[in-house]
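Reviewing the structure listed below.
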2 protein chains.
Amino acid sequence: MRTGEVAERAGLNIQTLRYYERRGLLAKPARSNGGHRLYPDETVALLQVIKAAQRLGFSLDEVAGLLEAGRRHPAPGLRQRAVDKIAEIDRKIADLASVRATLAEVVEARCDSLTDCTCPDCPLPVVTGAAQEAGEA
Amino acid sequence: MRTGEVAERAGLNIQTLRYYERRGLLAKPARSNGGHRLYPDETVALLQVIKAAQRLGFSLDEVAGLLEAGRRHPAPGLRQRAVDKIAEIDRKIADLASVRATLAEVVEARCDSLTDCTCPDCPLPVVTGAAQEAGEA
DNA sequence: CGTAAGCCTGTACCCGGGTACCGGATGCAA
DNA sequence: TTGCATCCGGTACCCGGGTACAGGCTTACG
């Protein structure tokens, strides 16, 4: 398969394929006599794996490491990395939840300004009416 | 207060203050005769508001809009933006939760490779053993 | 065999959110 | 008044994850 076809099937830009190759996520593929890349069919599946791992919250560097580690099994560290990533996700969820709670209070309390809210028991962070002069462009 | 003091109290880099000024988050402050910025005390509080809003998931552009909108109250749209942001956060939390579930399954099932897992009932996305050849740098 | 579509490399650019460095000017205290 | 810390504007760079473009070569189809 040629770049265009792989890119289309995987739903990626051609440039992105070459980018992944540079980043070490994709092996250097075979070439035609003329120098065009020729990918094996499995590449599409591999790209799906990469995208899935990205969705799982891994950075490209992390994905590269995971693929590298996973190439010879038993993959040393795949499980551990998943466990670590779960902890990271739990932290993110907790952060978002507290943010959500604050926003819900903002809505609930009918705050009318970020900097100079007049609502009673304003939930907005510790401003207590001092910042309203400082932002006037 | 001079830049350095404001920066230190707010826990920001001086460059960041000037960056915020360029971005319209901070009003252009008064200047000394020699041209040095002189900030009112409230600026520190305003910066805390900005940081808080960032933590609430707003981008700098959004924060600028919020401050702009909030400067004359009743702030048209603050509540609405908060409601929208809550929906966005709920979507993010749902995504993270599903990601977490997948990772938990990976751990549970003792997957041993991203691309070539030999565990039974592998939860990894649809790869079914086809991608293992495609990534070998 | 001609021609258009597709691919090649290299380089530069995009976004958001900053951060660093430069040479020169100021501020403040001794 | 001198000397050092601080600040000035401007510009360039960082990260991650791509995307775009130019100029030239290859491949496939009729």
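Every chain is numbered from 1 and lettered A, B, ... according to where its sequence line falls, protein lines coming before strand lines. Atom set for the values below is all heavy atoms of this structure, side chains included, hydrogens, waters and symmetry mates excluded. None of the values given here were measured: they were computed from a predicted structure.
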Task: Qualifying residues under side chain to side chain donor-acceptor pair (under 3.5 Å), relative to Tyr19(A), sequence neighbours excluded - done: Arg23(A)

Task: Short side-chain N/O contact to dG6(C) OP1/OP2 from Thr3(A), under 4.0 Å - done: no

Open item on the list: Between C1' on dA20(D) and OH on Tyr19(A), what's the gap in Å once rounded to a whole number?
Closed with: 15 Å

TODO: Could you check Arg23(A) against Glu5(B) and say which one's nearest nucleotide on DNA chain D is further toward the 5' end?
DONE: Glu5(B)

Open item on the list: Measuring from atom OG1 of Thr43(A) to atom CD of Gln48(A), what distance do you get when rounded to the nearest 0.5 angstrom?
Closed with: 11.0 Å

Open item on the list: Can you tell me how far apart CD1 (Ile50(A)) and CG (Leu12(A)) are? Round to the nearest 0.5 Å.
Closed with: 8.5 Å

Task: For Glu8(A), all residues meeting side chain to side chain donor-acceptor pair (under 3.5 Å), sequence neighbours excluded - done: none

For nucleotides 24-30 of chain D, give me every protein contact, N/O to N/O, under 3.5 Å, one pair per line with atom names.
from, atom 1, to, atom 2, distance (Å)
dT26(D), O4', His36(A), NE2, 3.4
dT27(D), OP1, Ser32(A), OG, 2.6
dT27(D), OP1, Gly34(A), N, 2.8

TODO: Give, for atom CZ of Arg55(A) and atom OG of Ser98(B), the distance between the pair rounded to the nearest 0.5 Å.
DONE: 9.0 Å

Open item on the list: Taking atom CD as the centre, does Gln54(A) end up with more than 12 heavy-atom neighbours from other residues, nucleotides or ligands that are less than 6.0 angstrom away?
Closed with: yes

Task: Nucleotide dG10(C), atom P - distance to CD of Glu21(A) in whole Å - done: 11 Å

Task: Atom-to-atom span, NZ of Lys28(B) to P of dG9(D) - whole angstrom - done: 10 Å

Which atom pairs link the protein and nucleotides 10-15 of chain D when you take only N or O atoms and keep those under 3.5 Å?
from, atom 1, to, atom 2, distance (Å)
dG10(D), O6, Arg18(B), NH2, 3.4

TODO: Please test Leu38(A) against Arg2(A) for side-chain contact (heavy atoms from CB on, under 4.5 Å), starting from the C-alpha separation and ending with a verdict.
DONE: CA-CA 5 Å; Leu38(A) 296 173; Arg2(A) 302 165 48 178; 4.0 Å; yes

Task: Whole-Å gap separating P (dG18(C)) and NZ (Lys51(B)) - done: 10 Å

- [ ] Would you please confirm or rule out a distance under 4.0 Å between OP1 or OP2 of dG18(C) and any side-chain N or O of Tyr20(B)?
- [x] yes

TODO: Identify, residue by residue, the members of residues 7-14 of chain B with a heavy atom below 4.0 Å from DNA chain C, and return them in order of residue number, or none.
DONE: Asn13(B)

TODO: Would you kindly give the CD-to-C1' distance between Gln54(B) and dG17(C), to the nearest whole Å?
DONE: 8 Å

Task: Gap separating the OH atom of Tyr39(B) from the CG atom of Leu17(B), nearest 0.5 angstrom - done: 5.0 Å

Open item on the list: So, OP1 or OP2 of dG27(C): does either fall under 4.0 Å of a side-chain N or O from Arg31(B)?
Closed with: no

Open item on the list: Count I, L, V, M, F, W, Y as connected when their side-chain heavy atoms are under 4.5 Å apart, and connections chain through other members. Are Leu26(B) and Ile14(B) then in the same cluster?
Closed with: no

TODO: May I ask you to verify if any side-chain N or O of Arg37(A) is less than 4.0 angstrom from the OP1 or OP2 atom of dC7(C)?
DONE: no

Donor-acceptor pairs under 3.5 Å, side chain of residues 87-96 of chain B to any protein atom, not counting sequence neighbours: which ones?
from, atom 1, to, atom 2, distance (Å)
Glu88(B), OE1, Lys85(B), NZ, 3.3
Asp90(B), OD1, Arg100(A), NE, 2.5
Asp90(B), OD2, Arg100(A), NE, 3.3
Asp90(B), OD2, Arg100(A), NH2, 2.9

TODO: Would you kindly give the CD1-to-P distance between Ile50(B) and dG17(C), to the nearest whole Å?
DONE: 12 Å

Task: Stepwise side-chain contact (heavy atoms from CB on, under 4.5 Å) test for Arg37(A) and Arg31(A) - done: CA-CA 5 Å; Arg37(A) 286 172 182 80; Arg31(A) 299 288 185 130; 3.4 Å; yes

